[in-house]
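These notes concern the structure reproduced below.
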Amino acid sequence: MFEKIKPILQQLFSSKKRLIIILSLLLIIAIILSISSKPTPPSEPSPDALPQPSFSPYSKTFKSQKSTSETPTLSIDKTILVYQLPSFSSLDLQTHLNPIANQLDFTHPPEEKTYNSIPHLLWSIGSNYLDANLTTSQFYLRYGTLVSPGTPDITETTALQIAKTFLTKHNLINHDTPHQTQYLEIAGYQVESTSNPSAADFYEFHFYPTLNSFPLYSTDFKDSPIIISITKKGEIFELNYNLPTIFYSAYLTNPNSLTTSTHPLKTQSQLNDEINQGLPIITNSELEPGIPAAPYINPKKITYHQINLAYQASPNQKLLLPIFQLQGTAELEDGTTSQITAYLPAIAQ
Amino acid sequence: MRLRLLKAIILSTFLLFITPSPVLSQPTCLGVTNCHLETSASNCQADEVFCKGGSPGPNDPTFCCPSGQIIQPLTTSPPSSQTTSTTSTPTTFSQPSSTGTQNRHPLRPKPKEFTNWEKDRPVANYTQALFCAQRPTAVQKQEFLKTDDELKLQITGTYLSNFEEFITPLLSITNKTKDDYNDSYEKKAQQYLADYLGGRAYYELEVEPTQQELKANPQLQYDLFIRLGVFRKLAPLSLQDKFKRAMIYRASGIPAAANPNNLEPLDFFTNYYGFEPASPIVENYPVTCLWGNNIVAFTQYNDFTNPCGNSQNIRLSTFDETNWAPLPEEFNTLKEYASASAAWKILDGGQIDPDTGKIIELGKWAKTWPYVPMFSREDLQGYIRAVNPNADPTVNPVYHPHLARTYELSSAISTLLLPKNNFDFDSDPDLETDWNGIPWCDINDKGCKKWWIDSSDTLPDLALGPVCDPLNTIITSSGDSAYDSNFTTPVNSPTQIITNPEYSPAVVRKCNLLERNDPDTYEKECKFEHDVRYSPDYFVTRTPYLNQIFNRLVSSQGVFNVLRPKAYVDVNQPANWPGLGNPEEITPSYRFVGGGAETGMKWPGGSVEFYYKGLGFIHCQKEKLLAFLQFFLWEEETYEYLSPECTQDSTSPSVPGQPGQPGKPGKGVDKELYGPPPNVPSESTCTQGVNPIGQWLRWPYQSASSASITSCYKDPDRKSCHAGIDMNPGHKKAVYPAASGKVHAAFGGPKGCEELGACVIIDHCNGWFTIYAHLTEWDDRDKLVRKGQLVTTNTQIGIQGNTGKVFSGRDCNPKTDETCGAHLHFGLAWGGSIRDFWYNTTKTANVCTFTKGCSCTSSSKCTKN
């Protein structure tokens, strides 16, 4: 074969000029191929084939046929809204977060960064920074100011008010969003939790927003959706906003601007079947740390005593999908029990 | 009772030579007390002299000693052609009362620490470096002539060790609640080994704790080992069956018991130990007896009271191939073995429920089988000898010092096997913390109470007994004294030549005249006496049987080849069917994780409840620890279990991780449950790298020191457990891997590693990973290293920063100062996911322990994540 085309190649490459032309053509072809092979944006969700919510990586499936049939009944509508996350540009996100940046004296415009192939916007000044994910619009703020020694301590109530004021001002929560409080104290260069409120140097408020009255979880279940820390001197120290802020701000301010579609929920019968097949994915249990997992991975029986419908933000899927959260008790082989939380996709396929 | 450890009575002859003196540039510390080992004269105090230890050869250690005791040599000495000698005269010496007890051992002036001399040597040589236990100081009053310009010193004699007052802790059998508390010492001593390894099930009347009781109080498990024997509780029952068969063979005629001198070794088919026991024969012990259908458990190990009558006694030799438990390898399939086991259980009187087919009553042989011992008192036999270059190589057979060795062995095993809830050894292998004050406790330390094990102390922290007695401490025990025995050990000190401080030409002239004219005055004025001391001799003892056990304990093959790393286990082989013979018993269950082996107790029909660590995994710290215990071994013996990478100061390339060494320090939280971050596999994906445990880690900077540390592992000032060390030698300092390996993860975002900020995780290719966190964030375009990249300690991986959940500090304005709170979090974990680096007793380890030159005090009480 090569022998046959050899004369042709020799002719083609017989002069430098021809060689340059050929190489240029090859380069153009390569560029075209390269552009065409770039990842395509996620396709629009199809009502007939919704993707499944992602429960990984913090998941463990109980491979068991031993789930109880005593599934609690679920009295809800038969259909539910699935939200499409709005697309946004870097400028959109910058515009969205600029009020926060301005309030906190990030005087320089943000830099576009890429961390592990994920584009980010980074505002920074001194040791403070505001880091926003350009794919998901989740963001993280670490902040602080030099507080004068005479600054009085604030109460937890005041701290909560500061947190809520900040979050509502920037359309990050509703004012009545439920919350829980944790207390942190300074340990060296870091902060650690304490159970003693009077020892707290920080108040950490975990907010649990809702969507259509259903709980809205962040990408993975280990983190609260919104966590904000306020120092005892009244400063914001840290804000973890684990929800897609572009979407949720739009939901809070102009819900009609969001694109939705209606989908059938799994029926009680389907739910029972899946539970009895051991399909719920355990993402949380109250296993004692350090206790070998071996005895627990194959419980004799799981009894779910509560099922909640919720939303899980799956930014990478461009959708907000409904899920069933199941809370129950796993009966283990050694006779002990463990409280567990499990999840199932809620949309009927 | 407080008794002296060793009364050394020295019967010796000595030779006095006068020979030409060599030029000595450095004095020797021979016979000088209160020295401390130092490598440089600059470390000596003003009133001290830098001197050599007196051991010939390049490894002669050096010391700083009180100058007043040193006989300074001449710095130059003219060669002399005159040689005068005297013949040796037998002389009896004893320790002078002025010195009282033996002095602090010059080779181990700081008992808690490795000496520099030891540090300069690999662990494999520690057997030669550990001078301890019965180290007498020989003191001879010798006569010298003032007319000799040089004095030649040598001690030749015999140590006589009297063990009548040698104290040996006998933990279980000195417990007043035990039936055998008042037994003779000899009886206690002889059963000691069997107690600890073989267990006392055959006469232990106490009820074993229930599953619930053990779960509620893991301490009971430790007690269970103590009472019932580690091996009995941990070895697969089928292997126990083998050992029992070996005992039966040994007791019943191989070789013939009638001819005890016929010490032929057990042959391959009858010796299941895998090595030669100390003695091929054992006494034909009574095992138990039957009173009707009921077993009568002997209340003593060797109970000859015959509670059932002589005819009913079941002795070892009562068992044979017709009634002993079947072994898996005797059958082709598991089913055949199970069937044979079932049949054996009803042999001679057993009953089966006709409805269920289950065995409801064991037969006589199955019923008595658990009482068959696996180890014998004869295995205590060992040898002892003195070690020095001129020592007589004669060895002396002894028994009793090995009681202490047995204790140490047993307690070592028990300690290594402690429930992890009780003992944070693997995850925090900071022996400075965990062991400080126990094996090398300084007697001057008022907090030290562990010079010897108080037999009333049954808590886990009793750990190992004193492996030597560098201060010749008077030790306390429960009052048991070792049974009568003396032994002698020849000793010949090396010859030392010193300048005669009494010599002068005038003295020579005067004495020459006196010798001829006035012999009496000559005797008085021209001769003098002086104490000659000799210390370097020390005893080593050897118990082959125990050595074998040690060998197996710390080898990658696991304890008794039982707890082997998975790589060595072929589950298709019948020999690897543990516990199948006696499914009604609580049996061990095994688990192999990452090259380490673990076991736990499995109840019938239940799951494993307790896991014990380190069974197939002995990391270097443990090896060092065990090396401390090796001082009873022959120096020329080579121990395969000492991992080549486990050297103190080795800078040579270490051995890549091998199955079983090092392994995981115990059962961890199920990885899948807590999970790695996306796309970050936790398992090692590389095969070439260093062993961060076996080799010292370097500081993660080009230069740093403990002074740079701002927070320790398990920092006592913190309420939660700090999983690494924080360091701040300077903001923006370049960060390097502490050991070579492969970049497992490099998350450049300010929250790339969650609260730890931007971080790099290095996979050291053997299961261990290190993390470098709170780094300055970096864009993909600026990244220093990429995932999968092989790195060495010279590869910069990041820049120290302050990303993540870092507090800026009270005096730093974070709005204007980019250095606020800057530090490096440096951590070591088993597993490479970010959460593996969160504090966890089975995941994280104190990275400082493995970092050369690192010192940081951890909290021993930290338990909170």
Side-chain angles (χ1 to χ4, degrees), chain A residues 56-61 105 111-118 120 122 124-129 131 133 140 142-147 149 185-194 199 201-202 222-223 229 237-238 240 282 285 287 289-298 332-336, chain B residues 211 215 420-421 591 600 606-609 611 667 669-670 672-678 710-711 715 717-720 722 726 728 746-752 755 777-781 802-823 840-842 865:
Chain A
S56 62
Y58 301 96
S59 63
K60 175 70 185 177
T61 303
D105 295 334
E111 294 177 83
E112 288 211 7
K113 298 266 189 174
T114 306
Y115 301 128
N116 288 79
S117 303
I118 299 171
H120 282 243
L122 182 71
S124 63
I125 182 167
S127 297
N128 294 339
Y129 55 83
D131 172 34
N133 185 319
Y140 172 65
R142 201 200 62 193
Y143 189 75
T145 57
L146 187 63
V147 179
E185 63 179 335
I186 297 166
Y189 284 129
Q190 290 174 229
V191 293
E192 58 186 45
S193 62
T194 176
D201 295 304
F202 300 83
K222 68 185 175 57
D223 284 334
S229 301
F237 168 63
E238 195 180 42
N240 275 283
I282 310 298
S285 66
L287 304 183
I291 292 294
Y296 301 95
I297 60 173
N298 194 20
L332 309 177
E333 280 193 341
D334 65 351
T336 61
Chain B
Q211 177 184 1
K215 191 172 183 180
K420 63 184 177 183
N421 289 340
R591 179 183 173 93
S607 56
V608 175
E609 282 295 319
Y611 278 88
K667 173 69 187 76
V669 176
D670 187 4
E672 293 178 32
L673 190 63
Y674 289 92
T710 58
S711 182
D715 193 327
D717 293 333
R718 294 190 176 194
K719 291 187 176 176
S720 57
H722 191 214
D726 287 350
N728 183 21
F747 295 120
K751 206 187 167 190
E755 296 180 357
E777 57 85 24
W778 67 86
D779 185 278
D780 283 359
R781 293 165 296 187
N802 58 4
T803 54
K805 199 162 191 166
V806 171
F807 178 60
S808 61
R810 297 186 189 279
D811 302 322
C812 191
N813 187 347
K815 274 189 176 178
T816 57
D817 190 345
E818 63 176 4
T819 71
C820 293
H823 70 280
N840 184 308
T841 57
T842 58
N865 283 318

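The shown structure was predicted, so the numbers you read here are calculated from the model rather than taken from an experiment. We use all heavy atoms of the structure for the numbers below, so side chains are in, but hydrogens, waters and symmetry mates are not. Just so it is clear: chains get the letters A, B, ... in the order the sequence lines come, proteins before strands, and each one is counted from 1.
Note that NE2 of A:His120 is 8.5 Å distant from OG1 of A:Thr114, once rounded to the nearest 0.5 Å. Distance CG/A:Asn128 to CZ/A:Phe237: 10.0 Å, rounded to 0.5 Å.
Listed options B:Asn728, B:Asp817, B:Asn802 were ranked by heavy-atom pairs under 4.5 angstrom with chain A; first place goes to B:Asn802. Counting heavy-atom pairs under 4.5 Å between each of B:Asp780, B:Asn813, B:Asp726, B:Val806 and chain A puts B:Asp780 at the top.
Within the 4.5 angstrom heavy-atom criterion, atoms from both the backbone and the side chain of A:Asn116 approach chain B. Only the backbone of A:Glu112 comes within less than 4.5 Å of a heavy atom in chain B; its side chain stays farther off. For a residue to count as touching a neighbouring chain, one of its non-hydrogen atoms must lie under 4.5 Å from one of that chain's; by this rule A:Asn133 does not touch chain B. Contact annotation for B:Thr710: only side-chain heavy atoms (C-beta onward) come within less than 4.5 Å of a heavy atom of chain A. At a 4.5 Å heavy-atom cutoff, A:Ser124 makes no contact with chain B through either its backbone or its side chain. Of the two parts of B:Thr819, only the backbone, made up of N, CA, C and O, holds a non-hydrogen atom closer than 4.5 Å to a non-hydrogen atom of chain A. For A:Ile125, the parts lying under 4.5 angstrom from a heavy atom of chain B are both the backbone and the side chain.
With contacts defined as side-chain heavy-atom distances shorter than 4.5 Å, the pair B:Glu818/A:Tyr129 does not qualify. Taking 4.5 Å as the limit, every side-chain heavy atom of A:Phe202 sits out of range of all side-chain heavy atoms of A:Glu238.
A salt bridge is absent between A:Asp131 and B:Lys751; no separation between the charged side-chain nitrogens and carboxylate oxygens falls under 4.0 Å.
The backbone N or O of B:Gly804 sits less than 3.5 Å from a side-chain atom of A:Arg142, completing a donor-acceptor pair.
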Query raised in the report: Could you walk me through whether A:Tyr115 and B:Glu777 pass the side-chain hydrogen bond (donor to acceptor under 3.5 Å, both in side chains) check?
Result: CA-CA 9 Å; A:Tyr115 301 128; B:Glu777 57 85 24; 2.6 Å; yes

